[in-house]
Structures are given as C-alpha cells and as structure tokens.
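What you see below is based on every heavy atom in this structure, not just the backbone, and it leaves out hydrogens, waters and symmetry mates. Being a predicted model, the structure only gives us computed values, none of them experimental. Remember, it's 1-based here, ligands and their atoms both numbered in the order they're listed.
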Amino acid sequence: MSDTQTIIETESTHFMNTYGRFPIVLDHGEGCLLYDLDQNEYLDLNSGIGVNCLGHNHPALVKAIANQAGTLMQASNLYYTKPLVDAGQKLVKLSGLKKVFFANSGAEANEGVIKTARKYSIDTYGDPKRVQIITLNNSFHGRTIATLEATGQDKFHQNFYPFTAGFKYVDANDLAAMEDAMDDTVCAVLMELVQGESGVRPLDAGYVKAVEALCKEKDILLIIDEIQTGVGRTGTFFSYEQYGIQPDLVSCAKGLGGGVPTGAFLAGEKAADILQPGDHGTTFGGNALAMAAANVVLDQVGDPAFLADVKRKGDKFMQAISAIDSDHIQDVRGMGLMIGIEVGPEAIADDLAKLREKGLLALKAGAGTIRLLPPLIISDEQIDQAVNVMKEVLA
Ligand code: PLP
C-alpha cells in the first residue's frame with residue numbers, strides 16, 4: 001500500500017468522520033503551490049479556507065515564527081508581550097475602531113462580539129429582554145453552540161439541543177424585514193457582508209448602508225463578521241470599508257495569523273469599554289507565537305499597495321472567469337480574491353474533482369458554488385493558468 005493510502009486508511013480508522021476530505025495527502029507548499037506526498041503539484045485556490053494569505057513558506061512569516069518559537073511562545077494574558085501589543089495596535093489602526101481582544105478562532109471571536117453586544121445593552125438599558133441579535137438567513141458564524149444558533153441556516157439547528165436563545169433571522173437584502181425585526185428586544189445585528197459559506201454572496205450596498213442607519217437610530221449595535229472577508233481578502237483590509245460603513249463590533253480570524261490559528265474582535269466607541277476585568281478571557285488568545293505571525297501579516301497585507309493589488313487581481317480573475325463561454329456557469333460573483341462560480345448542485349462535485357485532476361485546488365460553497373480563496377500573493381500568471389484550466393473544465 002502507498003504512504004498516501006496508508007494515511008487515508010489510518011485516518012478513517014482513528015478519526016471522527018466529520019470531514020469529507022479530498023483524497024490527497026498534502027506534504028508541503030511554496031508560494032501558491034502545494035505538493036502532495038506523491039509529488040503532484042497543485043495551484044492552491046483554497047489557502048486552507050482563506051487562511052494562508054501570504055501563501056506557503058513565506059520567508060518573513062517563517063522567520064518571524066521560528067524566531068518567536070525560540071524566544072517565547074506563550075506567556076498567558078497575565079503578562080504583556082511586545083508581539084501582542086504591536087499586533088493589537090496595528091489591528092486597531094487598520095480597523096478604524098477603538099479596542100481589540102485576541103481570541104483563537106473565528107467562532108470564538110464571534111462569541112466575543114455576542115457577549116459584548118449583550119453587555120452593552122444590559123449596561124445601557126438594564127432590560128434583560130433587550131438581548132436578541134438579528135442575523136441573516138444563509139449566514140454562517142461558526143460551530144460553537146451559540147454561533148451555530150447565530151447561523152441563519154436550519155440545517156445547523158439540528159441534533160445539538162438545547163441551543164442558546166436570543167437570535168432571530170431575516171432574509172438578506174430585505175430592508176423591510178430587517179426594520180420589522182428591530183423591536184425593543186433587539187440589541188444587535190450580526191452579518192457577513194459577503195456570505196461566504198453559503199455561496200459567496202455580496203450584500204447590496206444600499207441595503208447595508210440603510211441597515212447601518214437603522215442601527216444608529218435605534219442604538220442597535222452593528223456587528224460585521226469579517227472572519228472570511230477580512231485581512232485583505234476582498235481588496236480592502238476589511239470589506240466594510242468598501243460599503244462605506246463604520247460597524248460597532250467586528251470579528252476576524254482566518255488570514256490574521258497567515259496559517260497560525262488566531263482570531264480577534266474589535267469594538268468602536270460605543271462598545272470599546274464594555275468588557276471589564278473578569279468579563280472575558282482565554283488562555284491562548286494573543287499567544288506570542290500567533291502574534292509574531294500576525295505582525296508579519298498585518299505589515300504586509302495592511303500595506304495600501306498590497307491591498308490595491310489584491311483588488312486589481314480579484315477584478316481581473318473575476319472578469320476572466322465571467323468571459324468563459326459556458327452554459328455550465330450560471331453566475332460569477334464575489335469581491336476581491338473571494339470569488340464564487342455557481343455551477344449547480346448536480347455539477348459541483350464532478351467539477352471540483354476535474355479541477356483537482358488538472359492541478360487546481362478549489363472549494364465548495366453552498367449547494368453548488370465553486371469558491372476560490374487563493375493566497376493573496378497569487379501572481380497574474382497563476383491567475384491566467386487557473387482560468388485556462390477552468391476553460392477546459394467548465395466551458
Ligand atoms: N464566520 C464566518 C463568516 C466564517 O466563514 C467562519 C468559518 O468559515 C466562521 C465564522 C467560523 O470560523 P472558525 O472556523 O475559525 O471557527
């Protein structure tokens with residue numbers, strides 16, 4: 001039996017069957033390229049589900065992680081470290097918000113914004129009923145008990161009862177439904193500006209601006225989940241910059257550590273000082289190793305020239321895919337280097353397998369959308385190469 005087969009069989013014996021893994025054992029990567037154990041080369045249009053924003057084996061990232069590993073990896077939040085404070089300062093500056101808290105993952109960052117929004121409401125209004133959070137149908141906010149319930153998709157609300165109460169759902173882009181739902185029990189609206197997991201669906205700009213205005217008028221906190229869209233993915237550091245809004249709370253994760261697990265949430269003026277000693281905490285959040293990585297990411301991705309190039313490459317990639325002459329492709333949508341190609345539920349598995357056979361690793365979103373989240377450092381030549389393969393497979 002080959003090493004690849006042995007690893008796949010060993011996994012199926014010892015691991016819970018929670019993931020539909022592709023039948024590849026990845027071994028190493030270089031830039032936007034990945035190699036499996038059998039030395040097959042792939043162009044990575046997945047980046048570990050939107051994580052490896054600087055690609056694989058990025059020299060500055062590797063150096064910073066290696067140096068930090070040999071210096072101090074974990075100090076706990078009982079102490080200050082320079083990498084932690086540097087990363088926090090940079091993230092606050094890039095966000096235009098006031099204060100930051102570092103978590104470990106996206107779901108945990110969302111737990112933090114949920115807690116902060118509820119405490120803001122309780123502190124301000126003292127009404128135990130004013131704790132509901134409106135989220136959107138087809139959203140995705142994570143896999144913890146609270147964030148599963150925050151996720152506006154019925155399929156996530158099965159099997160794990162009881163969920164935490166306090167969420168209600170409205171359709172995206174339906175302003176009347178949103179306004180209707182904003183009664184005196186509501187403390188916050190939580191939404192992704194491009195719904196990622198459910199099919200790469202950007203919200204309408206006018207809708208988002210109008211929701212912001214309603215939130216301001218009713219003192220309902222506007223929370224933007226930038227876990228997938230943040231850290232340069234859409235061509236600005238956060239996608240809300242392109243919508244011209246200023247949220248009260250923002251969660252982010254994925255790209256933030258460039259491959260090292262970390263997350264964060266940020267608060268603007270209203271909610272910056274809501275969490276006080278004892279209200280929230282984590283052992284690993286802001287871990288020095290993760291922060292050393294985050295500092296490199298924030299320096300590189302936070303550079304306006306880098307972000308402008310992401311935007312340019314995203315536009316070029318999307319236009320080239322839209323120009324493929326194909327009855328098979330039903331829609332192409334997205335923002336920056338977050339692109340969805342709708343092919344329908346019948347075709348998706350076969351399309352992804354064919355792309356993989358031709359050396360392209362892509363992802364699924366929703367029932368029938370090919371999702372592309374390449375490393376942000378992808379080159380123009382690699383975009384051309386990907387489009388040529390897509391022409392063969394999807395035309
Ligand atoms: N929110 C959004 C928009 C996401 O895309 C994800 C993950 O895909 C999450 C939250 C959950 O993040 P994590 O898997 O790091 O817990």
Discussion item. Counting the benzene-type ring for Trp, do F163 and Y161 have ring centres under 6.0 Å apart?
Written reply: yes
shortest atom 5 (O) of ligand 1-to-protein heavy-atom contact is with Q228 NE2, 2.7 Å
Atom 9 (C) of ligand 1: of V194, L190, I227, L193, the nearest heavy atom sits on I227
* **Heavy atom of protein inside 4.0 Å of atom 12 (O) of ligand 1, strictly below** => yes
Would you check if the side chain of Q242 reaches a backbone N or O of T234 as a donor-acceptor pair within less than 3.5 Å? yes
Original post:
Does an N or O anywhere in E108 fall below 3.5 Å from an N or O of ligand 1?
Top reply: no
So the atoms of ligand 1 within less than 4.0 Å of a heavy atom of E197 turn out to be 5 (O), 8 (O)
Taking only non-hydrogen atoms of N110 and a 4.0 Å limit, the atoms of ligand 1 in range are 1 (N), 10 (C)
Tightest non-hydrogen contact, residues I220 and A188, listed as CG2-CA, 3.5 Å
Short version for E192: what comes under 4.0 Å of ligand 1, heavy atoms counted, is side chain
Donor-acceptor contact present, side-chain D279 to main-chain Q276, <3.5 Å:
yes
- Task: State whether K168 and D183 are salt-bridged, where the test is any N-O pair (Lys NZ or Arg NE/NH1/NH2 against Asp/Glu carboxylate O) under 4.0 Å.
- Result: yes
min-distance protein heavy atom vs atom 1 (N) of ligand 1 -> D225 OD2, 2.8 Å
Here the gap from Y42 atom OH to L33 atom CG, rounded to the nearest 0.5 Å, amounts to 12.5 Å
K254 heavy atoms within 4.0 Å reach ligand 1 at atoms 5 (O), 7 (C), 8 (O)
Are R312 and D309 ion-paired here, with the side-chain N under 4.0 Å from a carboxylate O? yes
So CD1 of I8 and OG1 of T13: to nearest 0.5 Å the spacing works out to 12.0 Å
So the atoms of ligand 1 within less than 4.0 Å of a heavy atom of G106 turn out to be 12 (O), 13 (P), 15 (O), 16 (O)
Practice task
Consider ligand 1: state whether an atom of it lies below 4.0 angstrom from any non-hydrogen atom of E226.
Solution key: no
Please report whether ligand 1 has a polar contact with A107, defined as an N or O pair separated by less than 3.5 Å (distance criterion only). yes
Honestly, for R143 the part within reach of ligand 1 (heavy atoms, under 4.0 Å) is neither
In this structure, OH of Y79 is separated from CG of L72 (nearest 0.5 Å) by 11.0 Å
